[in-house]
**Q** 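Structure incoming, see below.
The chains referred to below are lettered A, B, ... by the order of the sequence lines, with proteins before strands, and numbering in each begins at 1.
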Amino acid sequence: MIELTLQFLSFMASALLILIGIAGMLFLDNLIKKIIAFTLLSDGVNLALVSLGYFEGGVVAILTPGTSVAEFPQNAVLIFGPGIVLTNIVIGVSTTAVLVALTMVLYKRYGTLKASKVLKGERK
Amino acid sequence: MSAVATNLWTIPLFVIIPIITAILLNLLYNKSRTIKVIAIASSIVLFVLALISPYGFQWFTGQPGVTPGGTYTFDASIFSYRLSLEYYFGGLQQILITIMSLLLVFVVFLSASSLRKNIGPYIALIFLLFMSSAIIIMVNDFYHLWIGVEMGSLLLAGVVAASGESISQKAALKYTFFSALSGAGMAIALAMILGVTGYSNITNAIQYIMSDNLSSLSGVLYIAFGFFVLSWIYAGGLAPIHPLKSDVYGSAFPHATVMLQTQSKLMIVAMGLIILRLFGTLPFAREVMLSVSVLTMIMGVTMALIQTDLRWTLAYLVVAHSGLVTLGISLGTVQGITGGLFQAVNDIVYMSVLLICCEAVMYFGKGTSIKTVGGIAKRAPWLALAVVIGAFAASGVPPFNGFQSEIILIQASLSSGLPEVAAIVLMVSVTTFIALFKPIYNIFLKPDNSPIAMEGDAGAGIATMAMVQPTSPVPKSIYLFLAILIAIIIVLGVYPQLALGFVQDTAIKVVYFPWVP
Amino acid sequence: MIDAVMTVAYIMVIGVAVGAVAALLQKDLLRAVFLSGAESIALAFIFQALLAPDLGLTQAIVGTVLLPGIIILGIFKTRRKDEDD
């Protein structure tokens, strides 16, 4: 039987967030809701990356004056995942800003937030 | 030139100079003369740097690889553990960045002369686009690869939306949504490879995959491969989602499209080579990539045939010709990869000629649709000559450069035992000519019979047009740029060894020593 | 061994899931944004429990102030209710 550890549960939560995010981005019709779904998706990816590096009984991967330098490499949680997450949070904010700006411009032109109306092709 | 054994001083400059220029231009905002001087000076500096730079590595924190024995090594072909973050500048990087910075000079010049307001932020975006493409082509770790792709797609959205039409804003919004999806997918692929191998450096990850038995974990590798191919498809605008990318190409300013298509060719090349190096040993990996490229070529040219606007014809042709590049890379042989990389170089040059001609046509004030413009050849004969040369080069007519790379691609696919793929390459080049012939004939050669010009003689027609829609004469600099690019086309067409020398090295390394960057 | 931090983390895992679903089911966009902000707070607690306190701080600030701020700006410039038709 699978043990319900924190790591397992956070993987489940991240899978749920990713699924909800993708479903929301694909199937919801409101542009703002699509953007909120995107923030959920990127939260899910972040959670997956952080829980990847975690293991039971590890220590925080920040070298504070009290910790012993010799045992630090074995005990510290993996730092590369959180490194990516920090960047992913920043990229998520800038992507959201671009999406909101484009949505505002398109709303001014069409007067609606419905993706099915706004994003309809007008090619000749 | 041999590899340098310390951190190479030019590599950080390719990233820092565009960023500093972008910040400066953004602050200056609308002082067009100062902006023009700074932007052109810094793009010329980048061009000279790319031209004179030696080959070598950039390690963040300045440490070379550590061998299993514990000593340090600078030789990339020796099995060693590197620090995770690494850039490499070699022959392929040199030729692609040189051409890209040459195009940057042209694009900065053209955008400064065609835009009226907000010049500063717009050119800043173009410089950042250059920066992200340079990162992607030089990178040898997953972290920077992912950052480069994410930044590139955001900047692309900004450049496209800057053209201010509703269709371009829609294209930017759609593309950003998909970039959000596939960026998340790429982050998950990264997490999977990190979890399986434990390395973020591509060289180390490949060495781990090749030396250790991963049979129990190969399922994870397949999923990671799937996500990587997904983001490759989206970054390069390949088959299933090519309408998104061609919308982007068609709705941006033509001069911006010059930079955008260069960026996506560089992304295709860099990510394609990384996928081949990492997953080349998996069964079906090459077949998946090959089918994506064949589908891209067929979809691209068929859509290009039915367009009635030069801008949109070119947008779909750019997509179709990306398929040629990916075809060469996915064949996986030395000849195929050489052909694909050479095709990327040629493609960037001749598509830029066609796109700059398209920009010049817009100066006549009637758009680029075949229904509204006509008889340009009489007013600008040199422009007509340039566009015809560009069309010949694109459709693989000797003695222009498209011929040389397409013949290598055909030979490579024949020697890989895929004659049907060779037939498709031939079909692409013939169809390219047909698709370009219609707009070129209508816009340049057919006499101008649009309603306004019919009223009097040609001069009166232009005068009426000028009142309806104020136009400015075609800048003389466009002819200079076209002359330089056509010179490159002819030189590469006659002496292909000039470019092949740069790319052959990379092809050999990818096939025989995949862990060497 | 289950201590206080872990108990909070287990509750927050459920909180993340509920908040995410609830945010997308709202008709009122402003309420959806606030719910996604609440989900971000829960996520910050999980980061803390997963031994990444620096990320927890960043996520708490970005997810509750910056991201909702940007989206709320967008909502005020467009419209607040989801259209029905």
**Q** If you round to the nearest 0.5 Å, how far is CG of A:Leu47 from CG of C:Leu55?
**A** 11.0 Å
**Q** List the steps, then state whether side chain to side chain contact (heavy atoms under 4.5 Å, CB included) holds for C:Ile71 with A:Ile35.
**A** CA-CA 8 Å; C:Ile71 300 177; A:Ile35 295 171; 4.1 Å; yes
**Q** Could you state the interatomic distance from CD1 (C:Ile70) to OG1 (A:Thr95), rounded to the nearest 0.5 Å?
**A** 10.0 Å
**Q** Taking all heavy atoms of A:Asp43 and all of C:Gln59, pick out the closest pair and write down the distance.
**A** OD1-NE2, 3.5 Å
**Q** CG of A:Leu9 to CE of C:Met12: how many Å apart, nearest 0.5 Å?
**A** 14.0 Å
**Q** If I measure from the heavy atoms of chain C, does A:Leu17 come under 4.5 Å with its side chain, its backbone, both, or neither?
**A** side chain
**Q** Sort C:Ala52 into side chain, backbone, both or neither according to what part of it lies under 4.5 angstrom from a heavy atom of chain A.
**A** side chain
**Q** Looking at every non-hydrogen atom in both residues, tell me the closest pair between A:Val50 and C:Phe47 and how far apart they are.
**A** CG2-CE2, 3.7 Å
**Q** Which residues satisfy the side chain to side chain donor-acceptor pair (under 3.5 Å) test with C:Asp28, sequence neighbours excluded?
**A** C:Arg80
**Q** What part of A:Leu86 gets closer than 4.5 Å to chain C, counting heavy atoms only: side chain, backbone, both or neither?
**A** both
**Q** Could you tell me which portion of A:Val100 (side chain, backbone, both or neither) has an atom closer than 4.5 angstrom to a non-hydrogen atom of chain C?
**A** side chain
**Q** Could you note down all residue pairs passing salt bridge (charged side-chain N to carboxylate O under 4.0 Å, His left out) where residues 70-79 of chain C supplies at least one of them, sequence neighbours left out?
**A** C:Arg79-C:Glu83
**Q** I need the residue from A:Thr112, A:Thr103, A:Leu16 with the largest number of non-hydrogen atom pairs under 4.5 Å to chain C.
**A** A:Thr112
**Q** Can you pull out the residues in residues 14-21 of chain C with any heavy atom less than 4.5 Å from chain A?
**A** C:Val16, C:Ala17, C:Ala20, C:Val21
**Q** Atom CG of C:Leu29 and atom CG of A:Leu113: how far apart are they, to the nearest 0.5 Å?
**A** 7.0 Å
**Q** Please name all residues satisfying side chain to side chain donor-acceptor pair (under 3.5 Å) with A:Thr87, sequence neighbours left out, ordered by chain then number.
**A** B:Tyr143
**Q** Tell me whether A:Arg109 at atom CZ has more than 12 heavy atoms from other residues, nucleotides or ligands lying less than 6.0 Å away.
**A** yes
**Q** Under a 4.5 Å heavy-atom cut-off, does chain A meet the side chain of C:Leu57, its backbone, both or neither?
**A** neither
**Q** Measure C:Ile46 against the heavy atoms of chain A and call it side chain, backbone, both or neither at under 4.5 Å.
**A** side chain
**Q** How long is the straight-line distance from CG of A:Leu28 back to CG of C:Leu24, given to the nearest 0.5 Å?
**A** 5.5 Å
**Q** Any chance OH of A:Tyr54 has more than 12 other-residue heavy atoms, nucleotides or ligands included, within less than 6.0 Å?
**A** yes
**Q** Is it the backbone or the side chain of A:Thr39 that comes under 4.5 Å from a heavy atom of chain C, or both, or neither?
**A** side chain
**Q** Once rounded to the nearest 0.5 Å, what's the spacing between atom OG1 of A:Thr96 and atom CG of C:Leu66?
**A** 9.0 Å
